[in-house]
Q: 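Have a look at this one.
Throughout, protein chains are lettered first and strands after them, A, B, ... in sequence-line order, and every chain is numbered starting at 1. Note that this is a predicted model, so its numbers are computed, not measured.
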Protein chains: 4
Amino acid sequence: MAHSAHRDALPHAAPAAAVEERAPFGADPEKRRRILKAAVRTFGRRGFHEARIAEIAAAAKVAEGTVYLYFRNKEDLLGVVFDESMEDVLEKGRSLARSKAPAAEQLTALVDLHLQFIGSDRDLASVFQIELRRSARLVERFSRSKLVEYFRLLADVLRAGIASGEFRRNLEPRLAVRILFGAADEILSEWLLSGEKKPIADAKQLVGTLLRGFAAPGDSLKVAARRRRKPQ
Amino acid sequence: MAHSAHRDALPHAAPAAAVEERAPFGADPEKRRRILKAAVRTFGRRGFHEARIAEIAAAAKVAEGTVYLYFRNKEDLLGVVFDESMEDVLEKGRSLARSKAPAAEQLTALVDLHLQFIGSDRDLASVFQIELRRSARLVERFSRSKLVEYFRLLADVLRAGIASGEFRRNLEPRLAVRILFGAADEILSEWLLSGEKKPIADAKQLVGTLLRGFAAPGDSLKVAARRRRKPQ
Amino acid sequence: MAHSAHRDALPHAAPAAAVEERAPFGADPEKRRRILKAAVRTFGRRGFHEARIAEIAAAAKVAEGTVYLYFRNKEDLLGVVFDESMEDVLEKGRSLARSKAPAAEQLTALVDLHLQFIGSDRDLASVFQIELRRSARLVERFSRSKLVEYFRLLADVLRAGIASGEFRRNLEPRLAVRILFGAADEILSEWLLSGEKKPIADAKQLVGTLLRGFAAPGDSLKVAARRRRKPQ
Amino acid sequence: MAHSAHRDALPHAAPAAAVEERAPFGADPEKRRRILKAAVRTFGRRGFHEARIAEIAAAAKVAEGTVYLYFRNKEDLLGVVFDESMEDVLEKGRSLARSKAPAAEQLTALVDLHLQFIGSDRDLASVFQIELRRSARLVERFSRSKLVEYFRLLADVLRAGIASGEFRRNLEPRLAVRILFGAADEILSEWLLSGEKKPIADAKQLVGTLLRGFAAPGDSLKVAARRRRKPQ
DNA sequence: CATGAATGAGGTTTCATTCAT
DNA sequence: TATGAATGAAACCTCATTCAT
């Protein structure tokens, strides 16, 4: 999951439509899928810039021109990969967030979703962790709403947990969202780049650590509090 | 601080040598600085791919060819920006880590260094948070060792904190490092892309939250622990 | 009427056959007409190169493939526009030339035909005055014979006028044909490109001026004649 | 000489500057000339659309990129050919028009300039008679002012001739200009496309015919006049 | 050391045309 | 006969890099 996607005041025409690929009437959905799959593979392995449309087309066993029947251009292809993947993830995320489970469990489930989604496919991971961060314009156009919705899911769970007394009263949900996302994102990047078989931690470990905190019980916070009063 | 973009099996030349710019004997260090500064500005505003060597040269008031007297190529220029910035940061980081202050304070200081460094210059932030994540080869060659050292600084502080009883015995330092770095990184990305004046949290807030944890005192962990035993 | 664009030694297939569109037996003549009309409109407004077959097909309310049932290719479509328009014009021109009217009147009528034909429709004018001059191969194949016949009509009238004593004995018919055609053509181009409502002269004015000549009675010719004897 | 170039209300930014090629400081004028010459040759023989920049570059013995150092793009290259050729012609035309010779002689000299200029080089002729008429935009940008000035030279001579009594009082100069230009233009097109060695007429013959008129002395005008009164 | 003119590789995208239905 | 999805060829131009001065 790309994290970028902010930049408040860029005008964008038809947000949804702009994202939509150019699908000919009666389009062959199987062909479309083949192209998307080939794109993930190729973008993931070669990187967006090094990926050649000719290569994607060949991998999808279609002519080069056919790619442009289904997608506006190369960037659009990347955008659609993001968009549809995110939609799948969000679909699952929404239903997880609808469950009545304790907040901690919901958080774990959402983070697990994140880690599983990216962590299950190195090519896709490469697209999400590397390629998608390249282009502000791209991110602007494609990832805004989907990612924001994912953040909102996390924030809602956090707020519910605070309200139910499961989480600290003075926990700042927006900051906590960034911590959760940033930590998971970093774990995935590390996994991707290290070449290890599995990420350094799973959702339970990560969320567990975040809930419990780093400090030894009854200790660090007081120290920190004490120090804070002293001038630098 | 960018970290990403290693691809599994990219061959990379002699890391140290590759990092070294082509500095003619007696090169004008002032000119070199001007070029680097122009590069940060240009990469930051235009992005690496859109940045033109001609533009950087013009901004630095040197001829295009001169850039190549000081730097191997465009990618090298980006790499040197990273490398020298990181070296500055590491220098400070090392001295912070040498202090005898409590671990929590050291952590806060290191995170503060991270946030201040990136958060003080949008152009530089853009280079670190966006441009540097683009090129597998680049990061492979340039960022590995410096970034690893930064991670080691964090890890050392964490281990010291665990040893001193300041942090939980069962805290996993490698995971904690990723959490710290990932959260700070995400906060910076959010700040960069949102266009807000300041990041949503400073080092104290971030580290405070991480040390204390999300869960309400005496609550969530038990809940989480209990649930964990039940099959899904 | 376009005339140009022959290149010296272009091989050209069977001129007649090449001109013939691929008309399937029982083809719908109404559909054919719609396509031709759409072609004039589109070629005229967009230019040949910018005109898209898809656009012409859409304007004619047929499928793209259907265009190729009636016409060999895009160039053929342009050629047929020329050819059939010229045939209409020639039909009228032949009957004008068969009349027993004085040569001056016949000339005027023919020039009027030229000006009215092109001057009545800016799209058609654009095709004839601009687009048709573009393609050597095209004009080579399509326009030669029709245009030559038009020139012959003019030449016949001129010769008849000379024979009848209406025109100067030493008038060179071939030159006069080119003058008549070139002047009318230029007037039409000027009209087309100027955006004016009407051409700067009608057939009567043009032919009148050409018949009468520029020189003041009894003057310039002597001057010109005198000068001519001197060596350069 | 292209005849088109009208269209009143198209906005164009810096008319002169837009025409100007991109000349690097210290540009090699010899190289520039070689490229222009190669362009005339290639455009003339292949046509603008079929001409490949690679071909022009090879003919000029420069790298492809070098073409773009001297000229903005392919169209600009064509425009500069027109512009500089016209400037040469205009230079001569202006001095011819400054002479105190009789109007008929001046006209002949100007038409001769036109015929000699285009008629001396089939490649150049092809560019002027065919390629330059293709693109309204091109003509719009490049030929407007130069061609208009040429027309003005002709018009000035005509007006002077009328004033001096050399030409008919009621001669319409604007129409006469178009006749002169159109006739010469047509003669050149015919020559170009026919493959004949020389144009069908030289300036003296053409201007002589136009001054004297087609009609037999004392005849045709009366006839025409008489007929004109009768209803069609 | 510095210059900047010259080089030339490289790839997306369009769109005329085809052909299976 | 009609369709329109699929094809795939084709070339301009940019710009990082070099090298003669």
Side-chain angles (χ1 to χ4, degrees), chain A residues 22-28 31 49-58 61-77, chain B residues 23-28 31 48-58 61-77, chain C residues 23-28 31 49-58 61-77, chain D residues 22-28 31-32 49-58 61-77:
Chain A
R22 175 197 292 179
F25 186 74
D28 187 342
K31 202 166 282 184
H49 258 98
E50 302 313 308
R52 305 290 159 237
I53 290 291
E55 197 179 357
I56 294 172
K61 306 224 188 265
V62 297
E64 285 176 57
T66 304
V67 174
Y68 290 85
L69 242 38
Y70 288 84
F71 304 94
R72 207 171 304 281
N73 54 36
K74 194 180 169 186
E75 200 173 68
D76 185 56
L77 193 44
Chain B
F25 186 74
D28 185 343
K31 203 168 280 185
F48 181 80
H49 257 98
E50 299 313 305
R52 307 290 162 235
I53 289 290
E55 196 179 358
I56 293 171
K61 309 226 187 263
V62 298
E64 288 173 57
T66 304
V67 173
Y68 290 84
L69 294 176
Y70 289 84
F71 303 94
R72 202 173 305 281
N73 53 35
K74 192 180 172 186
E75 203 170 66
D76 185 56
L77 194 44
Chain C
F25 187 74
D28 185 343
K31 202 166 281 185
H49 256 96
E50 299 313 305
R52 306 292 161 232
I53 289 290
E55 196 179 356
I56 294 172
K61 307 223 188 266
V62 298
E64 287 172 59
T66 303
V67 173
Y68 289 85
L69 294 176
Y70 290 83
F71 304 94
R72 202 173 304 280
N73 54 36
K74 192 181 170 185
E75 203 171 67
D76 184 57
L77 194 44
Chain D
R22 174 197 292 179
F25 186 74
D28 186 342
K31 201 164 284 182
R32 185 175 181 284
H49 258 98
E50 301 313 308
R52 305 289 159 238
I53 290 290
E55 196 177 357
I56 294 172
K61 307 227 189 261
V62 297
E64 284 178 56
T66 304
V67 174
Y68 291 86
L69 243 36
Y70 289 84
F71 304 94
R72 208 172 302 282
N73 52 38
K74 195 179 169 186
E75 200 172 69
D76 185 55
L77 193 44

Q: Could you check how far CD of D:Glu50 sits from P of F:dC12, rounded to whole Å?
A: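 Between P of F:dC12 and CD of D:Glu50: 10 Å.
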Q: Dot-bracket notation for DNA chain E is requested: 5' to 3', Watson-Crick or G-U wobble pairs only, both distances under 3.5 Å, with ( ), [ ], | and . as defined.
A: .||||||||||||||||||||
Q: Which nucleotide sits closest to the side chain of D:Asp28: E:dT17, E:dA6, E:dA2?
A: E:dA6
Q: Using the test side chain to side chain contact (heavy atoms under 4.5 Å, CB included), find all partners of D:Lys61 that sit at least two apart in sequence or belong to another chain.
A: D:Arg34
Q: Under 4.0 Å: is that the gap between some side-chain N or O of B:Thr66 and OP1 or OP2 of E:dT3?
A: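 Result: yes.
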Q: Rounded to the nearest angstrom, tell me the gap between atom CD in D:Glu55 and atom P in F:dA10.
A: 15 Å
Q: If each of D:Arg52 and B:Ala54 is mapped to the nucleotide of DNA chain F with the nearest heavy atom, which maps nearer the 5' terminus, i.e. the 5' end?
A: D:Arg52
Q: Between B:Ala63 and C:Lys74, which is nearer to the 5' end of DNA chain E once each is assigned its nearest nucleotide?
A: B:Ala63
Q: Figure out the CD1/C1' separation between A:Ile56 and E:dT12, and round it to whole Å.
A: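 Interatomic distance, CD1 of A:Ile56 to C1' of E:dT12: 11 Å.
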Q: Reading DNA chain F from 5' onward, which residue's closest nucleotide shows up sooner: B:Ile53 or A:Lys61?
A: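 Between the two, 5'-proximity favours A:Lys61.
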Q: Do you know which two heavy atoms are closest between C:Ile53 and C:Glu64, and how far apart they sit?
A: CG2-O, 4.5 Å
Q: Just call it for D:Ala58: base, sugar-phosphate, or nothing, with non-hydrogen atoms closer than 4.0 Å on any strand.
A: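 Touches nothing.
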Q: In whole Å, what is the span from the NE2 atom of A:His49 to the C1' atom of E:dG10?
A: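 Nearest whole value for this atom pair: 12 Å.
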Q: Is any side-chain N or O of D:Glu64 under 3.5 Å from a base N or O of F:dC12, one able to act as donor and the other as acceptor?
A: no
Q: Please enumerate all protein N or O atoms sitting under 3.5 Å from an N or O of nucleotides 19-21 of chain F, with distances to 0.1 Å.
A:
none

Q: Taking atom P of F:dT7 as reference, at what distance in whole Å does atom CG of A:Leu69 sit?
A: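 The distance from CG of A:Leu69 to P of F:dT7 comes to 9 Å, rounded to the nearest Å.
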Q: Any idea which heavy atoms bring A:Ala51 and A:Lys74 closest together, and the distance?
A: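 Looking at all heavy atoms of both residues, the closest pair is O-NZ, 2.8 Å.
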Q: What's the CZ-P distance between B:Phe71 and F:dT18, to the nearest Å?
A: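 Atom-to-atom, B:Phe71 to F:dT18, this comes out as 16 Å.
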Q: Find the distance B:Tyr70:OH to F:dA16:C1' and express it as a whole number of Å.
A: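 About 20 Å, once rounded to whole Å.
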Q: Whole angstrom is fine here: how far is it from NZ in D:Lys31 over to P in E:dG4?
A: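 Atom NZ in D:Lys31 sits about 16 Å away from atom P in E:dG4.
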Q: Okay, side chain of A:Arg52, backbone of A:His49: is any donor-acceptor separation there less than 3.5 Å?
A: yes
Q: Do the non-hydrogen side-chain atoms of A:Leu77 and A:Tyr70 ever get within less than 4.5 Å of each other?
A: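 The answer is no; the side chains never approach within 4.5 Å.
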Q: How long is the straight-line distance from CG of D:Leu69 back to CG of D:Asp28, given to the nearest 0.5 Å?
A: 11.0 Å
Q: Does D:Val67 reach a base, just sugar-phosphate, or nothing at all? Heavy atoms under 4.0 Å.
A: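 No contact.
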Q: Could I get the full list of side chain to side chain donor-acceptor pair (under 3.5 Å) partners for D:Glu55, not counting sequence neighbours?
A: D:Arg46
